[in-house]
Amino acid sequence: MPAEADKAYDPVAVEASWRARWDQDSTNSFTLEELRTAERPFFNLMMFPYPSAEGLHVGNIYAFTGADVFGRFKRMQGHDVFEPIGFDAFGIHSENFALKTGVHPTELIPANVANFRRQLRRIGGMFDWDHTVDTTDPEYYKWTQWLFLQLFKHGLAEQKEAPVNWCPSCMTVLANEQVVVGACERCGTGVEQRFIRQWFFRITQYAERLLHNLKHIDWSDTTLKAQRNWIGRSDGAELHFPVAGTDRAADGGSAGEASRPGSPVDEPHTGNAGDRTDAGSTRITVFTTRPDTVFGATYVVLAPEHPLVDAVTSDGCREAVEAYRARTSAMDLVARKKIEKHKTGVFTGGYCVNPANDELVPIWIADYVLMGYGTGAIMAVPGHDERDFDFATTYDLPIPRVIAAPGEDADTPLAIAYEYPTGTLVNSGRYNGLDVDAAKRAIVADLAVRGFAEAKVTYRLHDWCISRQRYWGPPIPIIHCDSCGPVPVPEEDLPVVLPHVEDFRPDATGVSPLSRVREWYEVPCPSCGAGATRETDVSDTFLDSAWYFLRYPSTDFPDRPFDPEITRRWLPVDCYIGGNEHAVLHLLYSRFVVMALHDMGLLGFEEPYDQFRAHGLIIREGAKMSKSKGNVIIPDPIIERYGADTFRLYLMFLGPFVEGGDYQDQGISGPHGFLHRLWESVVAGEREADGGNAVDPAVEQKLHQTIARVTEQVGSLRYNTAIAAMMEFLNAARAGGRTPARAEIEPLVCLVAPFAPHIAEELWRRLGHEGSVFDGANWPAFDPAKAAERVARVAVQVNGRVRGTVSAPAGADTEAVVALARCEPNVARHLEGKEVRRTIHVPDRLLNFVVAEAAAVGGASG
RNA sequence: GCCGAGGUGGCGGAACCGGUAGACGCGAAGGUCUCAAAAACCUUUGCCCUUGCGGGCGUGAGGGUUCGAGUCCCUCCCUCGGCACCA
């Protein structure tokens with residue numbers, strides 16, 4: 001019974017009262033029993049946020065609102081929608097923030113989380129607050145550690161040496177983002193490359209399956225492409241180039257005087273693809289996708305770190321080679337990969353034999369060859385690879401042509417590298433005349449017989465390094481024992497609790513902060529009982545987030561990471577929405593973890609997310625938002641003024657959800673006015689004793705067209721056009737100051753509900769319903785008969801230009817429409833004196849007369 | 001450099017499968033109400049010519065296919081996002 005006082009729309013009051021009611025009635029949370037028995041389970045997942053000190057930013061709200069709209073829509077269609085949220089609170093950001101402000105993460109994070117919870121409630125998300133996760137909670141990371149142990153036990157975790165960015169002044173390892181143009185972002189000291197022992201997950205074992213499964217999952221196209229490119233399968237061959245000794249003449253004479261081997265190296269083939277260093281038969285193994293160009297390989301390049309560099313370097317070149325290697329290792333990883341544009345390198349003085357033509361080719365080292373990819377060595381084919389071409393030009397090495405395009409021959413000069421994978425072989429001995437594909441097969445087959453080649457597939461993907469030499473993360477549950485090696489912490493001893501270290505900044509000792517906590521660090525070996533020490537690396541935050549969706553529905557179980565029965569019912573995730581910045585790593589790592597758990601028999605599926613959609617980014621007034629520009633949108637005051645419903649509706653209205661949009665400050669008044677008018681329309685109807693207004697057939701038709709459009713568009717995340725359709729409908733229902741009938745407005749309240757849940761609840765109640773609009777499958781049904789157009793407006797063109805429109809009965813045939821069109825004065829005018837050559841009719845849409853000047857009488861030329 | 005996305009009114013953005021370009025909203029102009037302002041409501045609003053009827057031009061540029069192109073094809077220019085010299 002609304003009093004006069006609450007006739008006006010007061011979003012803040014409406015929203016507060018419905019928030020309270022949702023909490024009180026547990027509208028959005030599941031009991032364990034409900035999770036066990038839900039009949040139409042729908043797991044609606046969104047990427048959980050990092051709880052920063054600044055609070056929720058618009059990007060978060062945009063993403064969560066878009067996901068929440070979808071969840072509410074599914075719920076109104078009768079699904080049991082589980083929509084959890086959590087906090088991804090470990091990691092470098094907290095650690096740095098804590099170092100800067102002096103507040104310990106164990107105090108900072110709970111405060112941030114509390115603030116996030118408040119803001120997340122305020123925006124009206126349908127979150128199940130009884131099933132949240134916090135990755136820094138020992139009850140959560142206990143299972144993150146358990147996951148590490150499972151991977152370890154199945155041979156998927158191993159230790160390897162790997163390079164890191166090292167700041168010699170801070171005595172600490174830096175992330176790529178902490179390195180600014182080769183220097184430490186904090187102290188400005190030049191960054192070095194260091195090799196340390198780290199833990200890796202062997203994700204590369206799954207490369208082919210990770211690639212293959214992409215064919216079957218319903219993900220955004222851009223994300224699928226990013227994953228494919230990241231895995232980066234390339235089909236090619238490994239070729240072996242026997243080392244011919246060093247060039248002693250290089251100290252004084254010319255390269256041509258090199259000691260040539262008498263005959264092609266013809267040694268027994270061992271089937272081992274690696275470089276072999278047994279006396280006299282050292283060979284360099286290269287990977288190539290273009291074995292057809294082997295006759296054009298005029299030199300070989302090793303990565304500076306390649307293990308054979310020492311062996312092939314001549315005494316005369318040793319000094320230059322060592323200097324070059326030192327320079328490379330002084331460079332940080334970022335610079336090595338990005339900044340160095342023009343290629344550099346040095347000759348080692350060594351030679352090897354091109355197995356295809358027995359020619360002697362020089363061995364160089366250069367930093368454009370990376371140890372981490374392929375075999376760390378390439379055969380350089382300057383005629384057909386742009387990088388090799390640049391390098392050969394710089395160092396004056398020969399650039400022969402071995403592939404000719406149509407119209408070219410063996411002697412056509414090469415101004416740039418010819419890289420296309422088509423053409424005919426030239427200058428390639430008995431393979432001349434073969435096309436590229438045939439030559440690849442023939443050359444690899446022939447070289448393989450002699451032990452110089454194997455067909456090979458490589459992947460760009462490398463193993464997942466999970467070690468972090470930091471404090472704020474879950475300790476890796478391993479104990480190092482001198483006699484037993486790395487021993488897993490027994491599962492019953494989990495969690496390995498992160499000890500409280502007041503001052504965790506790196507100190508002059510260069511020892512990890514965790515190893516300074518003696519009583520934590522020194523433990524007996526679980527295997528032999530001797531004195532041992534704990535692993536001091538913590539794990540990557542990507543590991544925390546690689547399995548969190550498995551935990552959500554099982555947070556009621558303290559004794560297992562995920563309950564089999566619950567997991568069977570709720571997983572895989574039905575819909576996952578998140579940013580494309582995680583298109584590669586997070587999504588790939590979680591796919592890997594699920595695949596591995598599947599193979600261990602712990603999960604019945606091998607892909608975690610049935611559907612994934614990437615959302616776009618929000619910019620403001622045409623410019624990217626950033627703290628330094630001071631143009632960041634602060635949500636709290638906007639919600640205070642307009643209410644969360646208006647804010648949500650506006651964010652979804654800005655542009656297509658998957659593409660993002662431009663937030664214009666003034667624009668919010670559009671959606672705000674729309675909600676006001678919706679409120680007015682319902683309240684006005686309330687005054688007139690039940691349905692004062694009769695249903696207008698034209699409005700009813702529009703209503704059903706709107707239901708159809710909104711249902712279809714919300715289902716495919718085209719929220720902006722769905723909202724436009726609703727606005728259009730309300731405009732039509734109110735045209736000429738009319739008060740819409742109850743049967744016209746009530747379905748609109750339901751259509752709006754996913755976007756503006758609070759006002760929808762309130763109006764639903766005012767329309768006389770008990771309970772929540774989100775309970776009981778209230779999504780309006782669409783009646784095609786009522787939506788059907790009876791009259792079509794057909795555009796009439798003459799030679800493709802619109803000259804008028806006619807109204808014709810829907811489905812009218814050509815003859816009838818032509819008759820109507822000819823009566824249209826403007827059309828008739830344009831047809832006068834013309835001959836109609838052709839008539840094109842698109843039923844209910846368009847009629848086009850194709851005309852020409854009528855043939856002139858008497859055969860005058862024209 | 002490579003990969004991905006995209007260029008449509010003053011602005012954000014619509015447009016199914018090649019069929020009336022500019023829905024919806026912002027802004028702007030005029031009006032109603034008001035002592036006034038705000039709010040609300042109504043009308044107009046791609047550009048140019050025209051009193052009007054109407055006509056011409058128009059989706060980054062240039063070509064092409066078609067009765068008809070924002071949409072398809074070719075060449076080029078520009079913007080944004082991501083990155084890994086991947087052999």
Side-chain angles (χ1 to χ4, degrees), chain A residues 221-223 225-226 228-230 232-234 236 286-290 293 297 301 303 336-343 366-370 372-381 384-388 390-391 458-462 580-581 583-584 616-617 619 621-622 624 650 653-656 658-674 676-677 680 709 712 718 720-731 734 736-737 793-805 825-826 829 837-851:
Chain A
D221 250 19
T222 52
T223 315
K225 276 180 196 153
R228 275 195 197 100
N229 291 343
W230 191 265
R233 175 181 163 128
S234 45
V286 304
F287 175 73
T288 178
T289 54
R290 295 296 303 272
T293 63
V301 187
R336 174 79 184 278
K337 283 174 181 166
K338 283 188 183 167
I339 293 168
E340 195 67 33
K341 274 294 163 211
H342 37 258
K343 293 160 184 34
D367 60 8
Y368 79 97
V369 174
L370 305 174
Y373 188 78
T375 60
I378 62 158
M379 64 173 199
V381 184
H384 303 281
D385 181 281
E386 198 188 326
R387 292 154 301 163
D388 299 341
D390 290 349
F391 191 83
T458 55
Y459 298 89
R460 179 200 164 279
L461 179 69
H462 37 241
N580 235 345
E581 68 273 20
V584 176
L617 295 177
I619 58 172
E621 313 280 355
K624 207 170 131 181
Y650 181 44
F653 183 61
L654 290 177
V658 297
E659 282 163 40
D662 188 357
Y663 188 99
Q664 303 188 328
D665 295 359
Q666 285 180 316
I668 197 168
S669 61
H672 193 232
F674 170 73
H676 266 280
R677 287 189 288 278
E680 290 296 320
R709 273 173 72 183
E712 204 251 315
R718 278 137 63 210
N720 57 330
T721 51
I723 294 166
M726 291 188 268
M727 289 174 165
E728 219 177 296
F729 170 69
L730 187 61
N731 290 346
R734 287 167 56 89
R793 285 174 54 76
V794 179
V796 182
Q797 300 181 334
V798 177
N799 280 352
R801 289 169 178 274
V802 179
R803 300 300 180 185
T805 41
N826 200 44
R829 198 160 63 82
R837 294 257 169 98
R838 223 174 127 186
T839 306
I840 286 137
H841 183 221
V842 182
D844 296 345
R845 301 217 63 152
L846 170 137
L847 181 71
N848 187 15
F849 293 107
V850 182
V851 303

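Keep in mind that the numbers below use all heavy atoms, side chains included, and drop hydrogens, waters and symmetry copies. By convention in this document, chain letters (A, B, ...) are assigned in the order of the sequence lines, proteins followed by strands, and residues within each chain are numbered from 1.
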Please check if any side-chain donor atom of A/Tyr373 sits under 3.5 Å from a side-chain acceptor atom of A/Ser234, or the reverse.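 Yes, A/Ser234 and A/Tyr373 have a side-chain donor paired with an acceptor closer than 3.5 Å.
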
Could you check whether A/Thr222 and A/Asn580, counting side-chain N and O atoms only, form a donor-acceptor pair closer than 3.5 Å?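 Looking only at side-chain atoms, A/Thr222 and A/Asn580 do form a donor-acceptor pair, the distance falling under 3.5 Å.
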
Any residue meeting ring pair (Phe, Tyr, Trp, His ring centres under 6.0 Å) with A/Phe287, in chain and number order, not counting sequence neighbours: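 So A/Phe287 forms no ring pair (Phe, Tyr, Trp, His ring centres under 6.0 Å) with any residue.
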
With RNA chain B as reference, determine whether A/Trp230 or A/Thr288 sits nearer its 5' end, using the nearest nucleotide of each.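 Looking at the nearest nucleotide for each, A/Trp230 comes out on the 5' side.
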
[X] has an atom [atom1]; how far is it from atom [atom2] of [N], in whole Å?
X	N	atom1	atom2	answer
A/Arg233	B/A87	CZ	P	13 Å
A/Asp662	B/G27	CG	P	15 Å
A/Ile619	B/A5	CD1	P	19 Å
A/Asp221	B/G6	CG	P	10 Å
A/Glu581	B/A5	CD	P	18 Å
A/Glu621	B/G10	CD	C1'	13 Å
A/His462	B/C83	NE2	P	13 Å
A/Tyr368	B/A84	OH	C1'	16 Å

Could you work out the separation of [N] and [M] based on their [atom1] atoms and round it to a whole Å?
N	M	atom1	value
B/G62	B/C77	P	15 Å
B/U20	B/A15	P	14 Å
B/U43	B/G58	C1'	26 Å
B/G27	B/G12	C1'	11 Å
B/C57	B/U50	C1'	15 Å
B/A21	B/U59	P	12 Å
B/A69	B/C80	P	32 Å
B/G18	B/C11	P	28 Å

For a quick test of reading the model, state the closest non-hydrogen atom pair linking A/Arg460 to A/Asn229 and the distance between them.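 Looks like CD-O, 3.6 Å.
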
With rounding to the nearest 0.5 angstrom, report the [atom1] to [atom2] distance, [X] to [Y].
X	Y	atom1	atom2	answer
A/Met726	A/Phe653	CE	CZ	10.0 Å
A/Arg838	A/Asn799	CZ	CG	11.5 Å
A/Thr293	A/Asp385	OG1	CG	8.5 Å

Who pairs with [X] by salt bridge (charged side-chain N to carboxylate O under 4.0 Å, His left out), at least two apart in sequence or on another chain?
X	answer
A/Arg803	none
A/Glu621	none
A/Arg233	A/Glu208, A/Asp235

According to the Watson-Crick and G-U wobble definitions, with both distances under 3.5 Å, which nucleotide is paired to [N]?
N	value
B/U79	B/A5
B/A23	none
B/U65	none
B/G18	none
B/U59	none

Quick tally for nucleotides 14-26 of chain B: nucleotides whose base has a protein heavy atom under 4.0 Å get B, sugar-phosphate-only ones S, the rest -, giving S-B--BB--BBSS

Quick one: label A/Asn229 by what it contacts on the DNA or RNA (base, sugar-phosphate, nothing), any heavy atom closer than 4.0 Å.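 Base, at least one base heavy atom under 4.0 Å.
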
Quick one: label A/Ser234 by what it contacts on the DNA or RNA (base, sugar-phosphate, nothing), any heavy atom closer than 4.0 Å.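 Sugar-phosphate contact only - A/Ser234 comes under 4.0 Å of backbone atoms but never of a base.
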
Filtered N/O pairs between nucleotides 47-54 of chain B and protein, under 3.5 Å:
from	atom 1	to	atom 2	distance (Å)
B/G54	O3'	A/Arg829	NH2	3.2

Crowded around A/Arg793 CZ? As in, over 12 foreign heavy atoms under 6.0 Å?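 No - once you tally the heavy atoms of other residues, nucleotides and ligands closer than 6.0 Å, there are 12 at most.
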
Does [X] make a side-chain N or O approach to OP1 or OP2 of [N] shorter than 4.0 Å?
X	N	answer
A/Arg387	B/G1	no
A/Lys225	B/A5	yes
A/Arg838	B/C67	yes

Name the orientation of the base relative to the sugar in B/G58: syn if the glycosidic angle is within 90° of 0, else anti.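 What B/G58 shows is an anti base, its glycosidic angle lying more than 90° from 0.
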
How should the glycosidic conformation of B/C47 be described, syn or anti, under the criterion that syn lies within 90° of 0?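 Because its glycosidic torsion lies more than 90° from 0, B/C47 adopts the anti conformation.
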
Taking the side chain of A/Arg801 as its heavy atoms from C-beta onward, which of B/C57, B/A87, B/G81 lies nearest to it?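 Minimum distance to the A/Arg801 side chain belongs to B/C57.
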
Nearest to the side chain of A/Tyr373 - B/C86, B/G12, B/A5?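 Nearest to the side chain of A/Tyr373 among the choices is B/C86.
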
Less than 4.0 Å between a side-chain N and a carboxylate O, is that true for A/Arg734 and A/Glu680?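 Salt bridge: no.
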
